[in-house]
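A short worksheet on the structure shown next.
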Amino acid sequence: MVEPLRFPENDLFKGWGDPLRCETTIDGLEVIQGAIPEGLEGTLYRVGADWQYPSKRTDDIFIDGEGMIHSFRFENGQASYRSRWVHTDRYKLQTQTKRQVFGRYRNRYTNEPEAADTDMGTANTTAMFHAGHLYALKESDLPYEVDPDTLETIGKSDMAGQIGSISFTAHPKVDPITNELLGFAYQAKGDATRDIVYYLFGGDGRKKQEIWFEMPYAACVHDFAITDEWVVFPFFPLITDLDVIKDGGAFYQWHPDQETVIALVPRYGDDASGIRWFRGPATSAGHMLNAVREGTKVHLDLCLYEGNCFPFFTTPQGEPTPPVPPFLTRITLDLERNDGGFEKTRLMGPSCEMPRTDDRYQGRAYRHGYMIIYRAQDGSSSTGHLDLQTGEIDVYSPGPGDTVQECQFVPRSPDSAEGDGWLLVPVARVSQGRSDLVILDARNLAAGPVATIKLPVRVRATFHGCWVPAETLETGRYDYALSEG
Ligand code: V55
Ligand code: FE
């Protein structure tokens with residue numbers, strides 16, 4: 001008898017997380033409230049994970065699963081929605097095996113024999129548009145190029161032979177003012193290697209710099225931050241041990257006895273000689289809001305956990321770690337301080353994650369941050385706007401039981417003032433088993449949406465994405481500017 005396909009008992013697959021496993025195309029989405037603002041022309045790309053086939057294991061985690069890329073396109077006052085699997089090597093193999101043949105998250109030693117020689121990249125984390133090309137990214141593999149209109153996968157890309165590492169980050173920074181792409185790869189020569197490489201590409205897609213150096217340990221480097229002169233790499237002690245993964249164990253262990261280490265790498269440097277190092281007690285973070293240089297100081301603003309940000313990764317002894325909330329925190333690295341330490345300051349009261357800015361201000365003096373604010377009591381979440389100058393928080397709450405995904409800021413015009421624009425927010429209407437995309441005025445979230453676009457289907461969790469103006473899709477370049485004064 002053929003074994004029935006059935007998802008194992010795991011909270012991941014319940015409720016909103018119920019695998020959807022299908023692709024969607026909807027033109028002319030219904031606008032059930034308000035109207036799509038004039039001038040909003042372009043595409044919001046989002047990437048998340050879904051489950052191609054059930055596994056027999058019960059150790060799956062939410063950051064695993066096959067990549068699904070979603071587009072919300074705004075054209076002539078109408079919106080359309082599309083979702084497509086990213087045809088990674090592993091997705092393609094499983095269309096042949098017709099069952100799950102990949103094992104535990106990033107652990108190739110737990111794969112079925114059929115999958116022994118196939119890369120495990122899932123392309124499930126974010127979308128990036130640079131130099132005329134759209135990509136779906138996972139930090140453990142090279143980018144997959146995707147057609148910006150049809151979302152069909154074009155193929156795995158080393159960017160015309162320019163990426164020599166085995167992988168590329170899922171948190172690149174495309175600077176929409178200079179059109180530069182800043183990115184990196186960690187464990188860049190293979191599982192558990194300490195190699196990290198920083199890449200800088202010009203707006204024409206040509207590599208300008210790469211700097212290889214070594215991490216203090218084989219860390220999980222999910223995100224980084226940029227300033228005008230430095231790029232900031234934080235290393236947190238979620239560490240890969242080759243012996244453990246060879247034994248079928250988890251890809252990371254949490255080491256509370258190890259330090260947080262931060263490297264400042266010259267943004268336009270030629271080699272590793274100018275790197276500066278800073279150290280503090282064990283903390284962790286997935287996501288950075290921004291970084292900014294102020295004289296001889298570099299401020300790194302991030303959602304910091306005073307402990308392990310991923311409780312599903314245990315200590316080396318297999319002990320679980322208590323969940324801790326993330327708080328928006330400013331880490332200040334002073335280049336004139338010679339003891340290698342750093343200062344920490346809390347920036348915001350409520351716990352928050354998935355922080356974003358007006359992307360024109362990444363690495364520049366800035367005032368506005370946007371984030372998901374979680375309410376532990378009823379499981380709901382809201383979109384917040386923090387004014388870093390006044391400390392005021394403006395909040396949009398989607399309603400009881402409903403949740404928001406990471407927001408995307410879109411400037412009202414290419415040179416509008418910082419924070420003058422819209423927030424696009426995918427909303428889970430949990431009780432209705434479907435989604436909305438709401439458009440908020442970024443300067444007045446509490447007023448509620450200027451438009452609510454109905455998705456008659458569920459848009460499962462997506463992690464991250466990007467906004468590509470219609471004109472940028474044509475020219476391959478962002479035509480944004482910083483407003484005067
Ligand atoms: C993170 C997410 C990932 C991953 C590793 O948020 C770290 C952190 C979505 O996939 O593979
Ligand atoms: Fe992320």
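Indexing begins at 1, ligand by ligand and atom by atom, following the structure's order. All of these numbers come straight from a predicted model, not from anything done at the bench.
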Ligand-side contact atoms (ligand 1) for residue partner His222, heavy atom cut-off under 4.0 Å = 1 (C), 2 (C), 3 (C), 5 (C), 6 (O), 7 (C), 8 (C)
Could you list which atoms of ligand 1 come closer than 4.0 Å to a heavy atom of His287?
-> 6 (O)
heavy-atom search around atom 9 (C) of ligand 1 in the protein gives Thr125 OG1, 3.4 Å
Tell me the side chain to side chain donor-acceptor pair (under 3.5 Å) pairs involving residues 231-244, sequence neighbours left out?
-> Gln187-Thr240
Taking everything shown except Asp117 itself, do over 12 heavy atoms lie less than 6.0 Å from its CG?
-> no
For Cys303, does its backbone N or O pair with a side-chain atom of Glu353 as donor and acceptor, under 3.5 Å?
-> no
With respect to the Fe ion (ligand 2), what is the nearest N, O or S atom of His222?
-> NE2
Would Phe310 and Tyr252 count as a close aromatic pair, with their ring centres under 6.0 Å?
-> no
Output yes when a side-chain donor or acceptor of Asn308 lies under 3.5 Å from a complementary backbone atom of Phe313, and no otherwise.
-> yes
Angle, NE2 of His464 through the Fe ion (ligand 2) to NE2 of His171 - 10° precision = 90°
For ligand 1, find out whether one of its N or O atoms is nearer than 3.5 Å to an N or O atom of Lys138.
-> yes
State the atoms of ligand 1, each with its element, that fall below the 4.0 Å cut-off from a heavy-atom position in Tyr105.
-> 4 (C), 5 (C), 11 (O)
Side-chain donor/acceptor of Arg194 to backbone N/O of Met215, under 3.5 Å | yes
